[in-house]
Amino acid sequence: MVTTDTGTLFLHPDRNLGMELVRATEAAAIRAVPFIGRGDKLAADGAAVDAMRKFLGTVNFDGVVVIGEGEKDKAPMLFNGEHVGNGRGPACDIAVDPIDGTSLTAAGRQNALSMIAVADRGSMLDASTVYYMDKIVTSAEGFGVVDIRKPIGENIRALAKAKGKSVDEITVAVLDRPRHVQLIDDIRAAGAGTRMLLDGDVAGGINAARYETRIDMCVGVGGSPEGVVTACAIKALGGFIQAVLRPVDDDQKQRGLDAGLLFDHVYDADSLVTSDNTYFVATGVTDGGLVDGVRRKGPIIRTESIVLRSRSGTIRRVVADHLAQKWLD
């Protein structure tokens, strides 16, 4: 923060921003609850988007959505380029996913989240022209040891040695997709176990970087926006991430080149998000390995959230009880 002759200029997100943002993810998660297991992912997403946007409008910041719903989910709100917040306070890039795991929510499965990532204005990589990237995420032990350009078996053995584990104790999270059949075979051939993710590789990446989970590594091709969001969280956890863009065709690659993106290039946390002051905020919609889902307990609705901030290196868990009658339509 800098004081000038014309007033106060905010250069960075302030210390309370994370706790303000969690109200938006809590609202989105609560509003998605009636749609859990109902088979309608669009209705679930629509309710969460509307709730998140309303709460973001009260937050003291000038946010521009760099990664939003928009084109991907045909959403009329929280689209790329939209301004959110009350316009006062720090100027920020913001990435939103009111429900990361709409299919999980619709099916009543675990690991659906509502999440927001924030960083200083102009610091998030805009990879919206290229939808996918290959990613590898580990805890801090991966630095100088793991390299996305190496075979997965070599990375597993190197990480196991760095962590003081045997290879058969290593667990690798990977999205359960046809494109990963060979990767999964190679992980198992190396002697490691797999944790198959139906969706939500952001949570998989965060768990790979945290010290108290059973996941040691998260790998595979997933969404480019999710990679940038994961980087915001990884910077708060002190973890390791690398990514390489994977265009689906020559046209998409050309659009990426026109946008200034780099191919055959390894992005790390600092090139995915250049700011040293990032926030990641997530609230559970359904139960998962990162946070518990929304639960109704008599007259209250209980939510669990996680708030990560890179500058302070803090991880906060927020358990909140909301009076249910306040959320009745």
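Only a predicted model underlies this, so the values are computations on that prediction, with no experimental measurement involved.
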Any side-chain to backbone donor/acceptor pair from [X] onto [Y]? Under 3.5 Å, distance only.
X: Glu20; Y: Asn60; answer: yes
X: Thr105; Y: Gly101; answer: yes
X: Asp176; Y: Leu197; answer: no
X: Tyr279; Y: Ala233; answer: no
X: Thr230; Y: Glu226; answer: yes

Heavy-atom pair of closest approach, residues [X] and [Y]:
X: Ala127; Y: Leu261; answer: CA-CD1, 4.0 Å
X: Val130; Y: Gly256; answer: CG2-CA, 4.0 Å
X: Leu272; Y: Val228; answer: O-CG1, 3.9 Å
X: Gly223; Y: Asp201; answer: N-OD2, 4.5 Å
X: Ile187; Y: Gly193; answer: CG2-O, 4.0 Å
X: Val285; Y: Ile36; answer: O-CD1, 3.7 Å

Taking 4.0 angstrom as the limit, do [X] and [Y] come out as a salt bridge?
X: Asp40; Y: Arg38; value: no
X: Asp45; Y: Lys41; value: no
X: Asp62; Y: Arg121; value: yes
X: Asp270; Y: Lys235; value: yes
X: Asp287; Y: Arg295; value: yes
X: Arg31; Y: Asp50; value: no

Checking side-chain polar atoms at under 3.5 Å, does [X] have a donor or acceptor matched by the opposite partner on [Y]?
X: Thr25; Y: Ser114; answer: no
X: Ser123; Y: Asp120; answer: no
X: Thr278; Y: Ser310; answer: yes
X: Thr194; Y: Arg188; answer: yes
X: Asp168; Y: Ser166; answer: yes
X: Asn207; Y: Thr213; answer: no
X: Asp199; Y: Asn111; answer: no

Could you measure the distance from the [atom1] atom of [X] to the [atom2] atom of [Y]? Nearest 0.5 Å is fine.
X: Cys218; Y: Ile234; atom1: SG; atom2: CD1; value: 9.0 Å
X: Lys54; Y: Leu56; atom1: NZ; atom2: CG; value: 12.5 Å
X: Ser305; Y: Met115; atom1: OG; atom2: CE; value: 13.5 Å
X: Phe61; Y: Leu17; atom1: CZ; atom2: CG; value: 6.5 Å
X: Ile116; Y: Cys92; atom1: CD1; atom2: SG; value: 11.5 Å
X: Arg316; Y: Met19; atom1: CZ; atom2: CE; value: 7.0 Å

4.5 Å side-chain heavy-atom contact, [X] and [Y]:
X: Leu21; Y: Val118; answer: yes
X: Val137; Y: Phe240; answer: no
X: Ile94; Y: Val66; answer: no
X: Leu183; Y: Ile152; answer: yes
X: Ile241; Y: Ile136; answer: no
X: Leu175; Y: Val221; answer: no
X: Ile184; Y: Met196; answer: yes
X: His322; Y: Thr303; answer: yes

Single-linkage hydrophobic cluster [X]~[Y], side-chain heavy atoms < 4.5 angstrom:
X: Val291; Y: Leu198; result: no
X: Phe35; Y: Val294; result: no
X: Leu113; Y: Ile315; result: yes
X: Val219; Y: Leu290; result: no
X: Val59; Y: Val318; result: yes

Compute both the distance and the angle, then confirm whether Lys253 meets the cation-pi test with Phe263: under 6.0 Å from the six-membered ring centre, within 45 degrees of the axis. yes

Distance-only criterion, 3.5 Å: show the donor-acceptor pairs between side-chain atoms of residues 242-250 and protein atoms not counting sequence neighbours.
from	atom 1	to	atom 2	distance (Å)
Gln242	OE1	Ile148	N	2.7
Asp249	OD1	Asp251	N	3.3
Asp249	OD1	Gln252	N	2.7

Neighbour count >12 (heavy atoms, 6.0 Å) for atom CZ, Arg179: yes

Taking everything shown except Lys161 itself, do over 12 heavy atoms lie less than 6.0 Å from its NZ? no

Start with the C-alpha gap between Asp216 and Leu159, add the side-chain angles, then the distance that decides, and say whether side chain to side chain contact (heavy atoms under 4.5 Å, CB included) holds. CA-CA 8 Å; Asp216 299 283; Leu159 183 63; 4.3 Å; yes

Check step by step if side chain to side chain contact (heavy atoms under 4.5 Å, CB included) holds for Lys163 and Thr138. CA-CA 11 Å; Lys163 297 186 80 168; Thr138 75; over 6 Å; no

Check step by step if side chain to side chain contact (heavy atoms under 4.5 Å, CB included) holds for Ser139 and Met217. CA-CA 8 Å; Ser139 59; Met217 182 185 293; over 6 Å; no

Mind running side chain to side chain contact (heavy atoms under 4.5 Å, CB included) on Glu82 and Arg53 for me, showing each step along the way? CA-CA 11 Å; Glu82 182 176 354; Arg53 188 171 185 269; 2.6 Å; yes

Ring-plane angle category for Trp327 and Phe55, please: parallel below 30°, perpendicular beyond 60°, tilted otherwise. parallel

